[in-house]
Structures are given as structure tokens and as C-alpha cells.
Amino acid sequence: MQQQMFSAMRQSIIDGLPATATSLAQQALSLGIAPLDAINHGFVPGMEAVGEQFAKAQMFLPDMMASAEAMRAAMVVLEVELQNQGAERPMAGVVVLGTTKGDIHEIGKQLVGTLLSANGFRVYDLGADVPGEKFAAKAFELSADIVGVSALLTTTMRNQKTVIEALEKASLRSQVKVMVGGAPVTRRWAEEIGADGYAKDAMRAVVLARRLMEGKAQSASAAVLL
Ligand code: HCB
């Protein structure tokens with residue numbers, strides 16, 4: 001039964017059907033399927049299939065846009081449930097999140113934000129196509145602990161470095177940890193640009209954010225001891 005639901009969810013994304021995706025997300029919750037399972041085993045595999053078909057020219061931009069709409073529609077339903085879980089947890093840290101300048105892909109970054117919120121982080125999402133200076137200004141305003149930078153295009157992933165440079169220019173780099181992600185991003189790339197961490201998916205981003213917060217706490221207590 002659960003497998004059938006997951007398979008229908010995947011297909012609703014491939015077919016780009018927001019109403020069907022919404023209805024399947026609602027059904028999943030009423031059947032007691034964990035929202036994260038619906039996302040990871042149902043809807044995200046649909047987006048992956050769309051990416052593969054687009055790469056093989058079996059699908060075109062309007063189809064991809066319809067799929068993105070369907071994914072958003074499902075997330076609207078599932079996000080509420082996930083965020084309710086986060087409201088009951090102690091504040092884990094402040095995260096400023098965004099997609100790099102020149103890049104309009106938002107779905108993965110939103111998923112990262114939702115799971116961070118569900119795990120007690122206070123998340124400020126700057127949206128997509130965000131220049132480095134805007135990340136730095138919001139990190140300063142909120143005294144952020146972490147800046148999370150997403151990039152989905154090989155041409156825009158280099159802008160992740162400009163976010164780090166903007167934080168350096170604003171003298172914030174020593175206080176703010178930077179985590180990067182997005183389909184073309186790798187651990188090696190993160191190291192190359194001087195980020196503090198890389199996460200392959202939203203669940204790993206939560207684990208990474210917790211680890212970065214531990215690192216911050218340790219360096220703060222070390223500073224006090226000195
Ligand atoms: Co877009 N697109 N797209 N696209 N798109 C990709 C990314 C391609 C790989 C498709 C392909 O060719 N196979 C490709 C990029 C090729 C490349 O650069 N190597 C591509 C292209 C080419 C384009 C356009 C240039 C197409 C065109 O106009 N000709 C154009 C870009 C315009 C621009 O940005 N300037 C474009 C447009 C679109 C839309 C608008 C139709 C739509 C986006 C809608 C939206 O987000 N509002 C779209 C979509 C949906 C995709 C695919 C199909 C899915 C992306 C997605 O949502 N994945 C994608 C194919 C793919 O990625 N395989 C395709 C699902 C999420 C859950 O995964 O990887 O985004 P994610 O995020 C993960 C993970 O990376 C990590 O956690 C997330 C959750 O698990 N993570 C982080 C992400 N950010 C993080 C930050 C952190 O700090 C930590 C972890």
C-alpha cells in the first residue's frame with residue numbers, strides 16, 4: 001500500500017499534476033505515513049526522474065516547470081506537519097538560507113529549510129537569485145550562526161564562493177559557519193572554496209548544521225578558557 005502511494009507520488013511529479021500531488025500528500029498524512037518518507041521515497045524520486053528525462057531531451061522546460069509546481073504543492077501540505085514538530089523543540093541555532101545569484105532553483109533549498117525548522121533551527125529563507133552581500137547583510141542583522149548556500153547549476157555554483165567572500169568582507173566569517181549544497185556541489189568543491197561543510201541532502205544538512213553548532217560552542221568555550 002505504502003509502495004503504491006510512493007509510486008503514485010513519483011508519477012504525480014513526473015506528470016506535473018499539482019492537484020494530484022496535494023491530494024496524495026494529504027492522503028499520506030491521514031494514513032500515518034511520515035511526511036519525510038513521503039518526501040524522500042515519493043516526491044523527490046519524481047523530481048530526480050524529471051531531471052534525467054530533461055537531460056535526455058525526453059522532457060522540456062514547460063514540463064519541468066509543471067513538475068516543479070507539483071512538487072511545491074505537495075511540500076505546502078507536508079511542510080506544515082514538519083514545522084509543527086520543530087515548534088516543540090529548543091532553539092538549535094539561526095540559519096540564513098538562499099540560492100546563489102543567477103540561480104532560480106528553490107525546491108531543494110526549501111526542503112533544507114523545512115527540515116532545519118523541523119529540528120529546532122530558526123531559519124530565514126532569502127529565496128533564490130541572491131547576491132553574496134545580501135547573505136552577509138541578513139547574517140549580520142540576525143546574528144546568524146550558519147549561512148546555507150544552494151546552487152543547482154554548474155555556472156552558478158562558483159557564486160557560493162562569492163557568499164564566503166562577502167562574509168569575509170563584512171568581517172563576519174569567524175562567527176558564521178557556511179554550508180553548501182545543490183546537485184552539482186561536492187565535498188571537494190566545498191573544501192576548495194573554504195566552506196565549513198557540504199551536505200548531499202536535507203537530512204544530512206540537519207546533521208551537518210548540528211555539528212557546526214557543536215564546533216561553534218567548542219570554539220566559544222575554548223576562547224573563554226584562554
Ligand atoms: Co533546472 N536544471 N533549469 N529547473 N532543474 C536542473 C538543475 C538540471 C540538472 C537538469 C538537467 O539538465 N539534467 C540542469 C542543470 C545543468 C547544469 O548546470 N549542470 C537544469 C537547467 C539547465 C535549467 C535551466 C538553465 C533550463 C533552461 O532555462 N534552459 C533553468 C535555469 C534557470 C536559472 O536558474 N537561471 C532551469 C529551470 C528550472 C525550473 C524553473 C523549471 C525548475 C526549478 C523550479 C524551482 O525550484 N522553483 C527546475 C528544476 C525543478 C530542475 C530539476 C529537474 C530538479 C531540481 C530539484 O528541485 N531537485 C533539476 C534536475 C536535478 O537536479 N537532477 C534540473 C529536487 C531537490 C530536492 O534536490 O538537489 O535541489 P536538490 O536539493 C537537495 C540537495 O542538493 C541538498 O538538499 C536538498 C534536499 O535534499 N541541498 C543543500 C540543496 N541546497 C543545499 C544547501 C545546503 O546548504 C545544504 C544542502
Side-chain angles (χ1 to χ4, degrees), residues 9-10 13-14 16 18 21 35-36 38-76 78-79 82 93 95-119 121 123-130 135 139 144-160 163-164 176-187 189-190 193 195-212:
M9 287 169 183
R10 179 179 178 276
I13 301 299
I14 296 171
L36 209 50
I39 292 170
N40 287 334
H41 304 304
F43 295 112
V44 167
M47 284 313 304
E48 286 166 359
V50 168
E52 281 160 26
Q53 291 185 19
F54 181 78
K56 289 185 203 151
Q58 290 167 350
M59 209 181 224
F60 300 98
L61 196 56
D63 310 311
M64 196 155 72
M65 287 170 83
S67 296
E69 266 319 300
M71 183 75 192
R72 267 179 197 281
M75 286 302 295
V76 166
L78 300 171
E79 249 169 16
L82 282 165
V95 182
V96 170
L97 207 57
T99 305
T100 55
K101 188 169 164 51
D103 195 328
I104 61 166
H105 293 87
E106 287 225 68
I107 296 167
K109 180 254 310 160
Q110 272 168 359
L111 195 47
V112 170
T114 302
L115 286 212
L116 286 171
S117 303
N119 284 278
F121 285 87
V123 178
Y124 188 92
D125 189 340
L126 288 168
D129 189 15
V130 184
F135 277 97
D145 299 296
I146 299 172
V147 163
V149 193
S150 187
L152 265 287
L153 299 171
T154 42
T155 48
T156 58
M157 59 191 267
R158 68 184 68 137
N159 291 337
Q160 290 180 322
V163 177
I164 295 176
V176 182
K177 300 285 182 190
V178 177
M179 63 178 192
V180 291
V185 178
T186 60
R187 189 172 306 281
W189 169 251
I193 62 171
D196 299 296
Y198 153 76
K200 190 178 180 337
D201 57 41
M203 282 159 81
R204 288 183 175 94
V206 173
V207 175
L208 171 63
R210 286 207 189 108
R211 221 182 56 221
L212 293 175

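Both counts, for ligands and for their atoms, begin at 1 and track the order of listing.
At least one N/O-N/O distance between I104 and ligand 1 falls below 3.5 Å. Backbone and side-chain nitrogen or oxygen atoms of S150 are examined, and one is located within less than 3.5 angstrom of a nitrogen or oxygen of ligand 1.
No part of D129 comes within 4.0 Å of ligand 1, judged by heavy-atom distances. Heavy atoms of T156 found under 4.0 angstrom from ligand 1: none, in either backbone or side chain. The proximity of A202 to ligand 1, defined as any non-hydrogen pair under 4.0 Å, involves the side chain as well as the backbone.
Side-chain contact annotation: T156 with D103, donor-acceptor N/O pair under 3.5 Å present.
Close contacts of ligand 1 with G148, meaning ligand atoms under 4.0 Å from a residue heavy atom, involve 88 (O). Here is the list of ligand 1 atoms found below 4.0 Å of a heavy atom in A55: 13 (N). Every atom of ligand 1 is numbered from 1 in the order shown, and the set under 4.0 Å from a heavy atom of M65 is 41 (C). For ligand 1, the atoms lying closer than 4.0 Å to a non-hydrogen atom of M179 are 88 (O). Interface of D201 with ligand 1, defined as ligand atoms under 4.0 Å from a residue heavy atom, comprises 76 (C), 77 (O), 80 (O). Counting atoms of ligand 1 from 1 in the listed order, those under 4.0 Å from a heavy atom of A68 are 44 (C). The D103 neighbourhood of ligand 1 comprises atoms 34 (O), with distances under 4.0 Å to a heavy atom of that residue.
Protein heavy atom closest to atom 26 (C) of ligand 1, with residue, atom name and distance, is L61 CD1, 3.9 Å. Taking atom 65 (C) of ligand 1 as the reference point, the nearest protein heavy-atom neighbour is M47 CB, 3.9 Å. For atom 57 (O) of ligand 1, the closest non-hydrogen atom on the protein side is I107 CB, 3.3 Å. Of the protein's non-hydrogen atoms, the one nearest atom 69 (O) of ligand 1 is A183 N, 3.6 Å. Among all non-hydrogen protein atoms, the one lying nearest atom 83 (C) of ligand 1 is G182 N, 3.4 Å.
A salt bridge is defined here as a Lys NZ or Arg NE, NH1 or NH2 lying under 4.0 Å from an Asp or Glu carboxylate O, and K177 with D145 fails to meet this definition.
Side-chain atoms of S67 and M59, non-hydrogen and from C-beta on, do get closer than 4.5 Å to each other. Looking at heavy atoms from C-beta onward, E52 lies out of side-chain contact with Q58 at the 4.5 angstrom threshold. Counting only heavy atoms from C-beta outward, the side chains of K109 and L152 never approach each other to under 4.5 Å. Considering only heavy atoms from C-beta on, I164 stays 4.5 Å or farther from Q160 through its side chain. Residues V163 and V147 form a side-chain contact, since some pair of their non-hydrogen atoms from C-beta on lies under 4.5 Å apart. Counting heavy atoms from C-beta on, the side chains of D63 and V50 never come closer than 4.5 Å. A 4.5 Å side-chain heavy-atom check between R211 and L208 finds at least one atom pair inside the cut-off. Residues N40 and M203 meet the side-chain proximity criterion, which asks for heavy atoms closer than 4.5 Å.
Note on atom 1 (Co) of ligand 1: protein N/O/S atoms under 2.8 Å are H105 NE2.
Contact detail for A139 and V176: the closest heavy-atom pair is CB-CG2, 4.5 Å. The minimum heavy-atom distance between F43 and M9, with the atom names listed, is CZ-CG, 3.4 Å. When every heavy atom of R10 is checked against every heavy atom of A49, the shortest pair comes out as NH2-CB, 3.7 Å. G182 and S150 get closest at one heavy-atom pair: CA-OG, 4.5 Å. Closest approach of A209 and F121 over heavy atoms only: CB-CZ, 3.6 Å.
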Inset, instruction - For the pair I39 and L78, evaluate side chain to side chain contact (heavy atoms under 4.5 Å, CB included) and give the outcome as yes or no after the intermediate values. - result: CA-CA 8 Å; I39 292 170; L78 300 171; 3.7 Å; yes
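Ligand 1 is approached by G102 to a heavy-atom distance shorter than 4.0 Å. Ligand 1 is approached by K200 to a heavy-atom distance shorter than 4.0 Å. At least one heavy atom of R72 sits less than 4.0 Å from an atom of ligand 1.
Distance screen at 4.0 Å: atom 9 (C) of ligand 1 has no protein heavy-atom neighbour inside the cut-off. Put simply, atom 17 (C) of ligand 1 has protein non-hydrogen atoms near it, under 4.0 Å away. Using a 4.0 Å threshold on non-hydrogen atoms, atom 59 (C) of ligand 1 does not count as touching the protein.
Taking each of Q110, E106, M59, Q53 in turn, the one with a heavy atom nearest to atom 45 (C) of ligand 1 proves to be E106. Remark: among candidates G108, A195, A199, the nearest residue to atom 73 (C) of ligand 1 is G108, based on non-hydrogen atoms.
At distances below 3.5 Å, not a single donor-acceptor pair connects side-chain atoms of T100 with backbone N or O atoms of N159. Side-chain N or O atoms of E79 include none that pairs as donor or acceptor with a backbone N or O of L115 at under 3.5 Å.
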